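Read the structure below first, then the notes.
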Amino acid sequence: MTMKIEPITPHIGAFMRVSADDVLQSEVIGRVLEALDRYNVLVFPQIHMSDERFAQFTAALGESHDLGVTEDASRASEKGIYRIALDKDDRNQLDFIKGNDFWHMDGTVYDMPGKATLLKCEVPPSEGGDTGFASLFAAWDALPEERKRELEDKRVLHYMASVGRKMYDAPTAEDFARWDAVFPPTEHPLVWHQKSGRTSLLIGATAGDIVGMAEAEGRALLDELVEWATAPCFTYRHKWQRGDLVIFNNPALLHRSYPYDAASGRVMHRTTLKGTEAIS
Ligand code: OGA
Ligand code: MN
């Protein structure tokens, strides 16, 4: 077995060079989990894993979170794999997938957001559809101490309608009801000190309001923080090729897709590792 790890930028990302035949070995699993903590985004260029191996690899890395069977009931979903593609007509699923085009953290509806998300490229988009990652850890570390103190005790509301109103020009009461049903307002601290000793911010598209601040003022602060955290020095943008696999440390990052449409053909297969650390 050989595995090479090459850092991509000083703050984020590493290329992982290993064969799909070797990924279930315990030594590889150990080094992948270690690298995930250290580099936060792991790119396995053109590793070409079968769905079966992908499901086994995910299970070897930790307990997986079943996102539910995708409505197309594809073969992949039988293996616990979620299919990300725009060729469907389920409104909730389309809203989720289109909502991915805004910087966000996964699973902010839960007390324990997922530990990691895995994305495998089945069909690369003919146009658009890159995925961006931004290190919240690096962005927090670089904030001036005084700014950190100002943010420390703030609380933030996360909810699906916060994403919806960015996507829709004129959302109806029905749209809001649909969004509230899947992801009602959930309160979190703005600043998340994690057991690793690193700190991230609970910001991104699902963050709609700062508790106790006027709506416009709170949203302006949230926008400013997302802009700070997604500055080029904290980010890595991945252009997909068929067979690529990316694993990212969800609580460490904001991530997003760049816009693409159904005609681009883009299909990704996704698995999710359950969170291991409650927000506190
Ligand atoms: C997700 C997500 C990004 C992408 O599945 O949560 O943000 O590029 N995906 O598809
Ligand atoms: Mn996401």
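A quick note: this is a predicted structure, and the numbers were derived from the prediction, not measured. All residue numbers in this chain count up from 1 along the given sequence. Both counts, for ligands and for their atoms, begin at 1 and track the order of listing.
- In summary, the side chains of Thr58 and Ser64 do not present any donor paired with an acceptor at a separation below 3.5 Å, with no hydrogens or angles considered.
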### Query
Taking it one step at a time, do Phe133 and Phe248 satisfy ring pair (Phe, Tyr, Trp, His ring centres under 6.0 Å)?
CA-CA 8 Å; Phe133 303 93; Phe248 62 91; 5.3 Å; yes
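- The shortest N or O to N or O distance between Asp130 and ligand 1 is not below 3.5 Å.
- Within 6.0 Å of atom CD in Glu224, more than 12 heavy atoms from other residues, nucleotides or ligands are found, so the atom counts as buried in its surroundings.
- Shown in contact with His255 at under 4.0 Å from a heavy atom are these atoms of ligand 1, numbered in order with element: 2 (C), 6 (O), 7 (O).
- Below 30°, between 30° and 60°, or above 60°: for Trp240 and His238 the angle between ring planes is above 60°, a perpendicular geometry.
- For a threshold of 3.5 Å applied to N or O pairs, the pair formed by His104 and ligand 1 contains at least one separation below that value.
- Side-chain N/O atoms of Asp106 and His255 include a donor and acceptor closer than 3.5 Å.
- Under 2.8 Å from the Mn ion (ligand 2), one finds the following protein N/O/S atoms: His104 NE2, Asp106 OD1, His255 NE2.
- Heavy atoms of Ile84 approach ligand 1 to within less than 4.0 angstrom.
- Under a 4.0 Å criterion applied to the non-hydrogen atoms of Ser257, ligand 1 contributes the atoms 4 (C), 8 (O).
- Annotation for ligand 1: atoms under 4.0 Å from non-hydrogen atoms of Asp106 are 6 (O).
- Looking at ligand 1, you'll find an N or O of Thr131 within less than 3.5 Å of one of its N or O atoms.
- The hydrophobic cluster containing Tyr258, built from Ile/Leu/Val/Met/Phe/Trp/Tyr side-chain heavy atoms closer than 4.5 Å, also comprises Trp103, Met105, Leu136, Trp140, Leu143, Leu151, Val156, Leu190, Val191, Trp192, Leu201, Leu202, Ile203, Ile210, Met213, Leu221, Leu222, Leu225, Val226, Trp228, Phe234, Leu254, Ile279.
- A donor-acceptor contact under 3.5 angstrom links the side chains of Ser257 and Asp101, judged on distance only.
- The shortest N or O to N or O distance between Trp240 and ligand 1 is not under 3.5 Å.
- Atom 9 (N) of ligand 1 has Asn100 ND2, 3.5 Å as its closest protein atom, hydrogens excluded (heavy atom only).
- For Tyr110 and His65, the gap between ring centers is short of 6.0 Å.
- Residue nearest to atom 4 (C) of ligand 1, selected from Arg270, Met105, His238, Arg266: Arg266 (by heavy-atom distance).
- For the pair Arg17 and Phe15, the cation-pi criterion (under 6.0 Å, within 45° of the ring axis) is fulfilled.
- Heavy-atom neighbours of Glu150 CD from other residues, nucleotides or ligands within 6.0 Å: above the threshold of 12.
- Close N/O approach between Tyr260 and ligand 1 is not found [any backbone or side-chain N/O within under 3.5 Å].
- For the pair Lys88 and Tyr82, the cation-pi criterion (under 6.0 Å, within 45° of the ring axis) is fulfilled.
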